[in-house]
Amino acid sequence: MNKIKNKPKYIADHLYTADPSAHVFNGKLYIYPSHDIESGVTENDNGDHFNMQDYHVFSMEDTDGEVQDHGCVLKLEDIPWAGRQLWAPDAAEKDGKYYLYFPMKDKNDIFRMGVAISQQPEGPFVPEPTPIDGSYSIDPAVFQDNQEDYYMYFGGIWGGQLQRYRDNKAIEVGQEPADHEDALCPKVVKLSKDMKAFAEAPRDLVILDENGTPLKAGDYDRRYFEGPWMHKYNGKYYFSYSTGNTHKICYAVSDSPYGPFEYKGIILTSVVGWTTHHSIVEFKNKWYLFYHDSQPSGGKTWLRSVKFVEIDYHEDGTISTIEGKD
Ligand code: FUB
């Protein structure tokens, strides 16, 4: 385990936050998290207890300074196709407009991805009337490559419904593959020029082990579960993600945003709470890991709090491991 450079810092204590997507816009650090609430729904493997109703946006001028809560920027009741559960969002900027991408169950209880638009990074965001055509599952993470290419990474198994699809089509009986079969892959798709649609069919993002073999479904310590993130470091693409029921944030590296990616190791060991979800961002020449845990709520799975810590790269491009319970 590597010694952490500084103590992790929570971003808010006046409300519960989770699933942070951090970005630098106009020289400021913005955080787009889920907004956890006590809704009284009983905990289950489907994640029904994550019954979130709206999003807040946070920002900071400096990591040592104040964190500003910009208030409610989008509500479930304002989204025409809403069923329930506003889960982990992400945001992107293009040509001075800001796009908030979010997963939500539609009126048939199927997760789809929506997009809402604002003229400023702190919102408020106006939702498009329908979900993104061809979208499914959860946890959109949008990555800008070079000047004009934007890719969405997405997918989550169990409550995130990814096991209900093969080749982008819903299947009759959605199950995970058997342990000896290849693991389900997260998806990657290029976004259209107007940022409101998929420009192609989503592709599998394959994660290979050290022998060049795709990770197996039974490789619970390394296979993809949910919570994707993409960043670039020294010209390489770093895909990081949660292993879900083994509670780790891992990463894999590639020369292409589409992969294949080679598994490299663990960024964050298990935190207090069942879920783990993160983002990685460079701000003022330092790299930060944003993540959440359930320490402030006394371990309640559905009441999480976002925190962040500086991370380090070794000379060979590997990332130091952070102890989640620090
Ligand atoms: O916040 C609801 C879900 O929990 C997210 O979509 C997952 O990534 C997990 O953090």
Side-chain angles (χ1 to χ4, degrees), residues 11-12 15-22 31-39 41-56 74 76 82-91 100-106 109-114 131 135-142 152-164 184 186-187 205 223-230 239-251 267-268 270-280 289-297 299-308 324:
I11 65 161
L15 77 182
Y16 289 106
T17 53
D19 310 324
S21 293
I31 304 134
Y32 300 85
S34 302
H35 175 196
D36 281 0
I37 51 165
E38 182 65 85
S39 72
V41 177
T42 309
E43 192 170 349
N44 60 25
D45 280 353
N46 245 0
D48 287 341
H49 46 301
F50 297 117
N51 194 22
M52 295 84 105
Q53 306 288 315
D54 64 19
Y55 294 115
H56 283 227
L74 179 65
L76 189 111
R84 61 182 179 132
Q85 297 183 298
L86 283 175
W87 282 15
D90 192 16
L100 184 74
Y101 297 91
F102 59 91
M104 183 185 65
K105 282 183 183 154
D106 65 12
D109 236 23
I110 305 295
F111 268 117
R112 310 287 307 274
M113 241 74 84
S135 68
Y136 59 94
S137 197
I138 59 164
D139 290 357
V142 175
M152 181 187 285
Y153 296 84
F154 69 91
I157 59 175
W158 294 19
Q161 304 180 342
L162 188 63
Q163 68 281 2
R164 298 189 188 177
L184 283 175
K187 308 297 167 198
L205 183 150
R223 65 93 171 83
Y224 179 85
F225 189 100
E226 64 185 2
W229 189 254
M230 175 64 69
F239 179 74
S240 41
Y241 58 96
S242 163
T243 61
N245 52 347
T246 52
H247 316 287
K248 297 176 180 66
I249 298 291
C250 294
Y251 72 107
I267 298 175
L268 179 68
S270 61
V271 297
V272 173
W274 200 95
T275 67
T276 186
H277 190 120
H278 78 300
S279 59
I280 294 171
L289 175 74
F290 279 77
Y291 57 114
H292 68 225
D293 69 21
S294 297
Q295 273 191 56
S297 70
K300 289 192 178 123
T301 316
W302 61 97
L303 293 180
R304 301 159 293 177
S305 296
V306 168
K307 59 206 292 201
F308 65 95

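In each ligand, atom 1 is the first atom listed, and ligand 1 is the first ligand listed. Everything quoted here is computed from the prediction, not taken from an experiment.
Take Asn44 and apply the side-chain contact (heavy atoms from CB on, under 4.5 Å) test, not counting sequence neighbours, and it matches Asn46, Asp48, His49. Evaluation of the ring-ring contact (aromatic ring centres under 6.0 Å, His included) rule for Tyr241 yields Tyr224, Phe239 as partners, not counting sequence neighbours.
Counting heavy atoms from C-beta outward, Pro140 and Pro89 have side chains that stay 4.5 Å or more apart. Residues His292 and Asp19 are in side-chain contact: their nearest non-hydrogen atoms beyond the backbone lie under 4.5 Å apart. With a 4.5 Å cut-off on side-chain heavy atoms, Phe111 and Arg164 do not count as touching. The shortest side-chain heavy-atom distance between Glu226 and Leu162 does not fall under the 4.5 Å cut-off.
Atom 4 (O) of ligand 1 has its closest protein heavy atom at Arg304 NH1, 3.2 Å. Among all non-hydrogen protein atoms, the one lying nearest atom 9 (C) of ligand 1 is Glu226 OE2, 3.3 Å. Closest to atom 3 (C) of ligand 1, if we only count protein heavy atoms, is Trp87 CE3, 3.8 Å. With hydrogens left out, the protein atom closest to atom 6 (O) of ligand 1 is Asp139 OD1, 2.6 Å, a heavy atom. Ranking the protein heavy atoms by distance from atom 10 (O) of ligand 1 puts Asp19 OD1, 2.7 Å first.
Judged by distance alone, with hydrogens and angles left aside, the side-chain atoms of Trp229 form a donor-acceptor pair with the main-chain N or O of Ile280 at under 3.5 Å.
Ligand 1 lies within reach of His292, whose nearest heavy atom is under 4.0 Å from it.
For ligand 1, the atoms sitting less than 4.0 Å from at least one non-hydrogen atom of Met52 are 1 (O), 2 (C), numbered in the order shown with element in parentheses. Each of the following atoms of ligand 1 lies closer than 4.0 Å to a heavy atom of His277: 7 (C), 8 (O), 10 (O). Of all the atoms in ligand 1, the ones that sit under 4.0 Å from a non-hydrogen atom of Ala88 are 6 (O).
When only interatomic distances are considered, the shortest N/O to N/O separation between Asp36 and ligand 1 does not fall below 3.5 Å.
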For Tyr16 and Trp302, run ring-ring contact (aromatic ring centres under 6.0 Å, His included): C-alpha distance rounded to whole Å, both residues' side-chain angles, the deciding distance at 0.1 Å, then the answer. CA-CA 9 Å; Tyr16 289 106; Trp302 61 97; 9.8 Å; no
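Residue contacts with ligand 1 for His278 are absent, since no atom lies close enough (heavy atoms, distance under 4.0 Å).
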